[in-house]
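Worksheet for the structure shown next.
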Amino acid sequence: MEDEEESSNGGVPPRKKLRLTKEQSRLLEESFRQNHTLNPRQKEALAMELKLRPRQVEVWFQNRRARSKLKQTEMECEYLKRWFGSLTEQNRRLQREVEELRAMKVGPPTVLSPHSCEPLPASTLTMCPRCERVTTTATDKGPTQITAAISTTAATALSSKVGTPALQSRSSSAAC
DNA sequence: GACGCGAGGCCTATTACATCA
DNA sequence: TCTGATGTAATAGGCCTCGCG
């Protein structure tokens with residue numbers, strides 16, 4: 001493109017835009033399915049086969065990677081939205097349940113300590129997001145910490161479903 | 001071995017053109 | 001024919017890695 005003749009508008013050539021043929025797109029897609037990146041030799045060979053410049057093949061792969069990443073992000077976003085909806089619903093149900101229990105004027109359930117076999121107050125109990133065991137260590141967690149714990153659990157669950165390395169690495173950094 | 005430098009590749013944001021409703 | 005929306009090729013700039021002196 002850059003070696004084409006310049007136009008009359010101040011020496012700046014109008015940017016022409018190539019439209020790939022269906023066959024070219026098909027071959028590029030096929031190649032992308034096999035490998036999301038190309039080494040210089042593969043790029044050269046593919047460009048030759050498609051009668052394109054190596055730079056055009058490179059740009060196509062860059063844009064293609066960006067498109068698939070965008071698609072993946074959109075899917076994750078949809079999943080998180082649905083999950084948020086179900087968590088909200090679950091939260092509503094649990095709050096209703098609490099209200100009902102309060103209305104019944106039933107005291108908190110007595111839980112015995114696994115260590116001393118003495119009763120523990122329910123307010124000191126919390127669920128570990130990783131091992132899903134009840135612990136008694138985090139009695140004074142504020143809302144921020146609790147939200148962080150929930151987010152970590154969410155990220156873990158999402159990454160296990162979607163399989164995103166970034167999310168997995170982020171979630172694995174949370175301490176148990 | 002540490003450091004600076006340039007080349008090359010990738011990513012991201014953006015631009016600009018082609019096409020279509 | 002005009003126009004706005006959409007898709008996508010192409011560009012620009014920044015970051016990272018690698019090889020070399």
Side-chain angles (χ1 to χ4, degrees), chain A residues 1-92 94 126-133 135 137-138 141-176:
Chain A
M1 212 72 77
E2 61 272 13
D3 50 8
E4 284 178 1
E5 75 279 11
E6 293 187 350
S7 72
S8 57
N9 56 346
V12 181
R15 191 154 122 185
K16 288 273 176 60
K17 187 163 172 171
L18 165 84
R19 301 298 294 192
L20 297 170
T21 65
K22 280 186 180 165
E23 182 60 11
Q24 283 171 326
S25 296
R26 189 187 66 77
L27 274 171
L28 284 164
E29 282 290 346
E30 200 172 294
S31 167
F32 184 78
R33 268 198 300 277
Q34 289 165 11
N35 224 332
H36 285 204
T37 54
L38 293 175
N39 62 40
R41 195 174 294 179
Q42 288 173 317
K43 192 199 300 176
E44 194 74 41
L46 193 54
M48 194 110 78
E49 190 180 353
L50 296 169
K51 295 184 172 57
L52 294 171
R53 288 192 298 277
R55 172 68 183 153
Q56 288 176 303
V57 173
E58 185 181 311
V59 165
W60 187 90
F61 268 76
Q62 274 174 16
N63 285 321
R64 186 65 181 77
R65 280 192 293 270
R67 281 198 294 273
S68 53
K69 187 174 181 184
L70 177 65
K71 209 170 178 179
Q72 170 86 13
T73 305
E74 283 171 352
M75 283 168 60
E76 288 176 9
C77 182
E78 278 307 307
Y79 178 81
L80 286 171
K81 271 191 210 164
R82 284 200 302 275
W83 198 26
F84 175 75
S86 75
L87 283 177
T88 305
E89 177 55 31
Q90 191 179 347
N91 187 32
R92 246 197 303 271
L94 289 169
T126 182
M127 178 78 85
C128 171
R130 288 190 72 187
C131 61
E132 293 188 355
R133 280 189 211 128
T135 66
T137 52
K141 275 188 176 176
T144 309
Q145 287 169 292
I146 291 170
T147 307
I150 292 170
S151 301
T152 302
T153 318
T156 308
L158 177 64
S159 62
S160 70
K161 284 189 166 49
V162 181
T164 308
L167 283 170
Q168 283 171 343
S169 63
R170 243 176 281 151
S171 61
S172 64
S173 66
C176 180

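FYI, side chains are in, hydrogens and waters are out, and symmetry mates aren't considered; it's all heavy atoms of this structure. Keep in mind that what you see is a predicted model, and the values were worked out from it rather than measured. Within every chain, numbering begins at 1; the chains are lettered A, B, ... in the order of the sequence lines, protein sequences first and strands thereafter.
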Where along residues 40-48 of chain A does a heavy atom come under 4.0 Å from DNA chain C, residue by residue in number order? none
Let me have the donor-acceptor pairs involving side chains of residues 33-41 of chain A, under 3.5 Å, with sequence neighbours excluded, atom names and distances please.
residue, atom, partner, partner atom, Å
Asn39(A), OD1, Arg41(A), N, 3.1
Asn39(A), OD1, Gln42(A), N, 2.7
Asn39(A), ND2, Gln42(A), OE1, 3.4

Rounded to whole angstrom units, what separation is found between the CZ atom of Arg64(A) and the P atom of dC10(B)? 16 Å
Compare side-chain N and O positions of Gln56(A) against OP1 and OP2 of dA10(C) and report whether any pair is under 4.0 Å apart. yes
Round to the nearest Å and state the distance from Leu18(A) atom CG to dT15(B) atom P. 22 Å
Here the distance between atom C1' of dA12(C) and atom CD of Gln62(A), to the nearest Å, is 11 Å
With nearest nucleotides of DNA chain C determined for Arg55(A) and Arg67(A) from heavy-atom distances, which residue corresponds to the more 5′ nucleotide? Arg67(A)
Counting only side-chain nitrogens and oxygens, does Arg65(A) get under 4.0 Å of the OP1 or OP2 atom of dC11(B)? yes
Take the protein atom CG of Leu20(A) and the nucleotide atom P of dC17(B), then report the distance between them rounded to whole Å. 17 Å
Gap separating the CG atom of Leu46(A) from the CZ atom of Phe32(A), nearest 0.5 angstrom: 12.5 Å
Whole angstroms only, please: what is the CD-P distance between Glu58(A) and dC11(B)? 11 Å
Heavy atoms from C-beta onward define the side chain here; which of dC10(B), dC11(B), dA10(C) lies closest to that of Val59(A)? dA10(C)
Separation between NZ of Lys51(A) and OG1 of Thr21(A), rounded to the nearest 0.5 Å: 10.0 Å
Separation between CZ of Phe61(A) and OG of Ser31(A), rounded to the nearest 0.5 Å: 3.5 Å
Of all residues at least two apart in sequence or in a different chain, which pass the side-chain contact (heavy atoms from CB on, under 4.5 Å) check with Glu44(A)? Pro54(A)
The reported gap from NZ in Lys81(A) to CD in Glu76(A) (rounded to nearest 0.5 angstrom) is 13.0 Å
With Arg55(A), the side-chain contact (heavy atoms from CB on, under 4.5 Å) member among Val57(A), Val59(A), Leu52(A): Val59(A)
Between dT8(C) atom P and Lys69(A) atom NZ, what is the distance in whole Å? 19 Å
For Asn63(A) and Arg19(A), find the nucleotide of DNA chain C closest to each by heavy atoms; which residue's nucleotide sits nearer the 5' end? Arg19(A)
May I have the distance from Leu28(A) (atom CG) to dA9(C) (atom C1'), rounded to whole angstrom? 12 Å
Taking only the side-chain nitrogens and oxygens of Lys17(A), find out if one of them lies under 4.0 Å from OP1 or OP2 of dG7(C). no
Using whole Å, what does the distance between atom C1' of nucleotide dC18(C) and atom CG of Asn39(A) come to? 16 Å
